[in-house]
K.L.:
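First, the structure itself, so that you have it in front of you.
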Amino acid sequence: MIPNPESRIPPKTYHIWTIGCQMNEADSRHLASQFEALGFVETPRAIDADIAVLNTCVVRQQPEDKAVRKLTDLGGVKNKRPGMIIALMGCMVGKREAEELAERFPFVDVFTAPSQTDVLVETILQHDAYKHLSKAQVELADYRLPAVNREKAVTAFVPVTLGCSHVCSYCVIPHRRGPDRSRLPDEVLDEVRALAAQGIKEVNLLGQIVDRYGFDLEEGINLAWLLKEVAKVDGILRIRFLTSHPAYMDEELIQTVAETDKVCPYIEIPFQAGSDRILESMRRGYTQQEYRDIISNIRKHMPDASITTDVIVGYPTETEEDFMETMKLAEELRIDMFHIAKYSPRPRTLSAKMKDDVTPDEKEDRRIRLDELITKINAEKSAELLGETVEVLVEEFQEKKNRWRGRTPHNKLVFFESDADCLGQLVNVKINWTGPFSLIGSVA
Ligand code: SF4
């Protein structure tokens with residue numbers, strides 16, 4: 001609903017603060033589109049909003065602490081403005097946690113588990129100030145982009161599997177997001193078509209284990225099938241998917257990525273640790289050699305495929321020798337990008353029962369050494385692109401630097417100058433400077 005400009009009543013405002021993974025970003029976009037369908041208007045600061053939503057992450061202690069600080073600040077604001085609605089959403093809110101959180105933060109009006117935006121909207125609509133609004137308005141607008149992002153959005157995240165049924169020893173996600181399940185193909189494809197109609201050029205299909213897509217649907221429906229269907233949507237130029245689990249990265253999927261033009265040769269596939277002993281303790285379900293075999297199979301089909309991985313350093317009992325296995329594997333496989341996390345125990349996980357026996361200094365030392373290695377590998381790999389022409393999907397104009405920013409199909413960040421309006425365009429850029437994590441060039 002578009003707010004009536006003649007109305008004397010100013011529209012209600014909302015603010016969604018988001019931290020954590022792309023799944024949270026997708027949930028926040030979806031929620032924003034629902035709010036906008038109700039005629040609410042986004043405001044840049046949570047403290048000014050009529051409805052403030054914190055979409056949280058607890059995968060590590062740091063984002064959880066940030067959310068708690070933010071929430072405490074909002075509690076102070078609500079003391080002065082009792083009509084404000086505060087909602088807590090995301091991985092901080094599991095079934096068991098909601099009661100405990102309600103006691104700890106009595107000023108919070110709504111607690112909603114991850115991806116449950118409908119529940120949140122319904123609860124808000126029961127509030128006296130919003131009872132006159134209708135849920136039907138929301139249903140019509142499920143896949144609309146929020147107005148604030150519409151102008152500049154080029155890429156969007158589309159969840160395809162929700163939750164996770166693996167029980168990796170260190171991971172809190174299954175406790176908060178529930179068992180894994182696939183979204184219905186029609187729902188996903190309708191969302192992609194709606195995004196394309198609004199000008200989105202690239203979709204990132206998301207799941208905690210995205211390559212499990214379809215395991216609970218009819219035979220023949222899997223991620224490979226879905227990628228091919230999404231590729232048929234007019235207007236979508238590029239498709240990515242993340243995060244893959246090594247156990248499900250099969251031949252059919254690798255071949256589909258290699259053979260489907262719109263699907264980028266870019267694979268996010270965490271190995272988490274190089275040591276088999278640690279991998280077993282983590283309950284990851286594969287060995288170092290099995291991971292190595294998967295990467296070589298990917299490279300057999302796509303020699304230049306870009307591989308991104310996640311690694312945890314300082315997992316309980318990790319010795320210097322174990323860590324060196326991680327270093328050696330990283331060097332041998334020449335992985336393109338790493339997300340490094342220092343281990344921290346999370347509540348109710350299996351590893352939380354183990355002694356967190358790697359000291360903070362050791363964890364930091366290992367993080368730095370791995371980071372240095374990755375920076376070196378990245379610098380070498382980027383240097384190979386010097387003088388080459390790459391295809392860049394342009395995502396943003398950086399006013400301050402007077403340059404465009406975009407990405408190659410391999411997800412390398414590229415900057416270049418041009419007077420033309422390049423937003424959302426595929427532009428061929430000749431690379432004339434390379435750094436470990438970005439490239440600079442000029443229009444070819
Ligand atoms: S696969 Fe493991 S690490 Fe990934 S979300 Fe599931 S439990 Fe967590």
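Numbering of residues begins at 1 and proceeds along the displayed sequence. Counting starts at 1 for both ligands and their atoms, following the listed order. What's counted below: heavy atoms across the whole structure, side chains too, no hydrogens, waters or symmetry copies.
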K.L.:
Does the plane of the ring in Y291 sit parallel, tilted or perpendicular to the ring in Y286? Use 30° and 60° as the thresholds.
P.N.:
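Judged by the thresholds at 30° and 60°, the geometry between Y291 and Y286 is tilted.
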K.L.:
For H15 and D48, test the side chains for any donor-to-acceptor distance below 3.5 angstrom and give the result as yes or no.
P.N.:
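H15 vs D48: no donor-acceptor pair found between side chains.
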K.L.:
Checking side chain to side chain contact (heavy atoms under 4.5 Å, CB included) between M84 and each of D50, L74, D109, which is the one that passes?
P.N.:
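Of the listed options, the one satisfying the test is L74.
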K.L.:
Hey, is CZ on R277 packed in by over 12 heavy atoms from elsewhere, all under 6.0 Å?
P.N.:
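It does: R277 CZ has more than 12 such atoms within range.
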K.L.:
Between E331 and K376, is there a side-chain N and carboxylate O pair less than 4.0 Å apart?
P.N.:
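Between K376 and E331 there is a salt bridge, with a charged N closer than 4.0 Å to a carboxylate O.
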K.L.:
Over 60° means perpendicular and under 30° means parallel, so classify the ring planes of Y14 and F35, tilted if in between.
P.N.:
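Plane angle between 30° and 60°, so tilted.
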K.L.:
Which protein non-hydrogen atom lies closest to atom 3 (S) of ligand 1, naming both residue and atom, and how far is it?
P.N.:
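For this ligand atom, the closest protein heavy atom is Y170 OH, 3.4 Å.
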K.L.:
Keeping to distances under 2.8 Å, can you name the protein N/O/S atoms close to atom 2 (Fe) of ligand 1?
P.N.:
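N, O, S partners closer than 2.8 Å: C168 SG.
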